[in-house]
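One structure is given below, encoded as structure tokens.
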Amino acid sequence: MLALSLLSCGHIEKKPKDILPRTSFLHIRKTLTVIQCIDNDCATHNFNSAASGFIVKVAKDGAYAITAAHVCEDNVPPALESPTTKTVATYVMRRLDGESYKAAVLTYDREIDVCLVFVKDLTEGVEAVKISPTKPEPGDRVYNIAAPIAIFRPHMVPILEGRYSGETEGLAWYFLPAAPGSSGSMIVNEDGELVGLVHSVFVRFPVITLSTRYDHLISFIRTNLDKYIVYKRVMNRLGLDNIFEPDSLTPDKTS
């Protein structure tokens with residue numbers, strides 16, 4: 001009887017694989033179309049890139065997601081810059097199962113490298129990542145769900161493991177492998193809660209990764225999410241065209 005009682009009181013801990021928010025992940029494909037005209041003679045150039053992102057809110061008509069601000073910028077190659085150059089950016093978001101949706105950039109802050117987008121009609125098959133109530137402590141184990149070098153297939157996304165190393169005035173440092181394509185991906189703690197966002201990595205030592213600081217990231221998300229949810233509600237009631245439609249207006253550049 002004693003043995004049975006002891007066995008029945010056993011505690012089973014959740015393992016990271018049970019709580020990591022894989023369906024919060026988004027794979028981003030961006031096409032920047034640059035139209036350059038000289039004396040009514042126009043040439044079109046397309047530039048393709050890939051990045052990562054994650055969902056922070058699922059609404060009835062779409063999802064709000066986060067990526068890196070440099071992903072949302074429309075930087076034109078210097079050779080194509082001119083007063084007559086026009087650009088159009090198209091963002092296609094792929095959820096974990098491979099289904100694709102177009103997105104509109106709402107706002108970004110280049111100083112902390114964070115961008116908010118709205119993914120129209122993305123309402124199923126995804127979840128919003130939970131935000132950690134506290135910042136990480138140096139030495140904490142973390143996980144990164146990302147598509148480095150665009151490595152992503154339906155139902156398969158790389159899960160990387162690392163450690164939080166600390167922060168400087170404007171950056172958070174992680175011992176975590178990353179590569180081009182990881183930009184904008186989530187860093188979560190052992191409870192699967194958001195603590196950071198990958199935006200850059202050391203080229204010669206690509207296991208030292210830089211992230212937006214926890215406090216800056218969470219403040220950006222909460223402030224802008226509340227703002228744009230209210231704005232969208234008002235615009236919908238007025239029946240006006242708005243920035244939540246893909247391929248529409250220029251995003252709000254916070255910094």
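In this text the structure is predicted, and so the values were computed from the model without any measurement. Keep in mind that the numbers below use all heavy atoms, side chains included, and drop hydrogens, waters and symmetry copies.
- The heavy-atom pair separating Ala178 from Val198 by the smallest distance is CB-CG1, 4.3 Å.
- Ser183 and His70 share a side-chain donor-acceptor pair at under 3.5 Å.
- Contact detail for Leu20 and Asn189: the closest heavy-atom pair is CD2-O, 4.5 Å.
- With Thr209 contributing its side chain and Leu176 its backbone, the two residues share a donor-acceptor pair below 3.5 Å.
- Of all heavy-atom pairs spanning Val58 and Ala128, the tightest one is CG2-N, 4.2 Å.
- Applying the side-chain hydrogen bond (donor to acceptor under 3.5 Å, both in side chains) test to every pair with at least one member in residues 149-165, sequence neighbours left out, gives these pairs: Arg141-Glu161.
- Between the side chain of Ser100 and the backbone N or O of Val92 there is no donor-acceptor pair closer than 3.5 Å.
- Using a 4.0 Å cut-off between charged nitrogen and carboxylate oxygen, Asp74 and Lys30 count as a salt-bridge pair.
- Closest approach of Tyr143 and Ile159 over heavy atoms only: CD2-CG2, 4.4 Å.
- A salt bridge links Glu167 and Arg213; the closest N-O separation between the charged side-chain nitrogens and carboxylate oxygens is under 4.0 Å.
- Between the side chains of Asn46 and Thr33, at least one donor N or O lies within less than 3.5 Å of an accepting N or O.
- Checking side-chain atoms of Thr223 against main-chain N and O of Ser219 turns up a donor-acceptor pair under 3.5 Å.
- With hydrogens and angles ignored, the 3.5 Å screen pairs no side-chain donor or acceptor of Thr212 with any backbone N or O of Leu217.
- To the nearest 0.5 Å, atoms CG (Leu194) and CD1 (Ile66) are separated by 8.5 Å.
- Considering CG of Leu96 and CG of Leu26, their distance stands at 9.5 Å, rounded to 0.5 Å.
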**OP:** Dump the intermediate steps for side chain to side chain contact (heavy atoms under 4.5 Å, CB included) on Lys86 and Val88, then the final yes or no.
**Re:** CA-CA 7 Å; Lys86 296 181 180 180; Val88 178; over 6 Å; no

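- The two residues Ser52 and Ala147 have their closest heavy-atom pair at OG-N, 3.1 Å.
- No side-chain donor-acceptor contact under 3.5 Å links Tyr101 to the backbone of Ala63.
- In this view, Phe175 satisfies the ring-ring contact (aromatic ring centres under 6.0 Å, His included) rule with no residue, not counting sequence neighbours.
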**OP:** Test Leu106 against Val117 for side chain to side chain contact (heavy atoms under 4.5 Å, CB included), laying out the working first.
**Re:** CA-CA 5 Å; Leu106 300 180; Val117 304; 5.7 Å; no

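- At least one cation-pi condition fails for Lys57 and Tyr64: the charged atom is not both under 6.0 angstrom from the six-membered ring centre and inside a 45 degree cone around its axis.
- Panel note: side chain Tyr228, backbone Phe244; no donor-acceptor pair is recorded below 3.5 Å.
- Contact check on Lys130 versus Asp191 returns no salt bridge, with no Lys/Arg side-chain nitrogen under 4.0 Å from an Asp/Glu carboxylate oxygen.
- The backbone N or O of Met186 lies less than 3.5 Å from a partner atom in the side chain of Asn144, making a donor-acceptor pair.
- When hydrophobic clusters are built by joining Ile, Leu, Val, Met, Phe, Trp and Tyr residues whose side-chain heavy atoms come closer than 4.5 Å, directly or via intermediates, Phe220 is not grouped with Leu171.
- Of all non-hydrogen atoms in Ile145 and Ser185, the two that sit nearest each other are O-CB, 3.4 Å.
- The closest donor-acceptor contact from the side chain of Asp140 to the backbone of Pro136 lies at 3.5 Å or more, if one exists at all.
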Subject >> side chain to side chain contact (heavy atoms under 4.5 Å, CB included) between Phe118 and Asp61, intermediate numbers included >> reply: CA-CA 10 Å; Phe118 181 73; Asp61 53 354; 3.9 Å; yes

**OP:** Could you walk me through whether Leu122 and Arg95 pass the side chain to side chain contact (heavy atoms under 4.5 Å, CB included) test, one step at a time?
**Re:** CA-CA 9 Å; Leu122 178 54; Arg95 66 187 188 190; 4.0 Å; yes

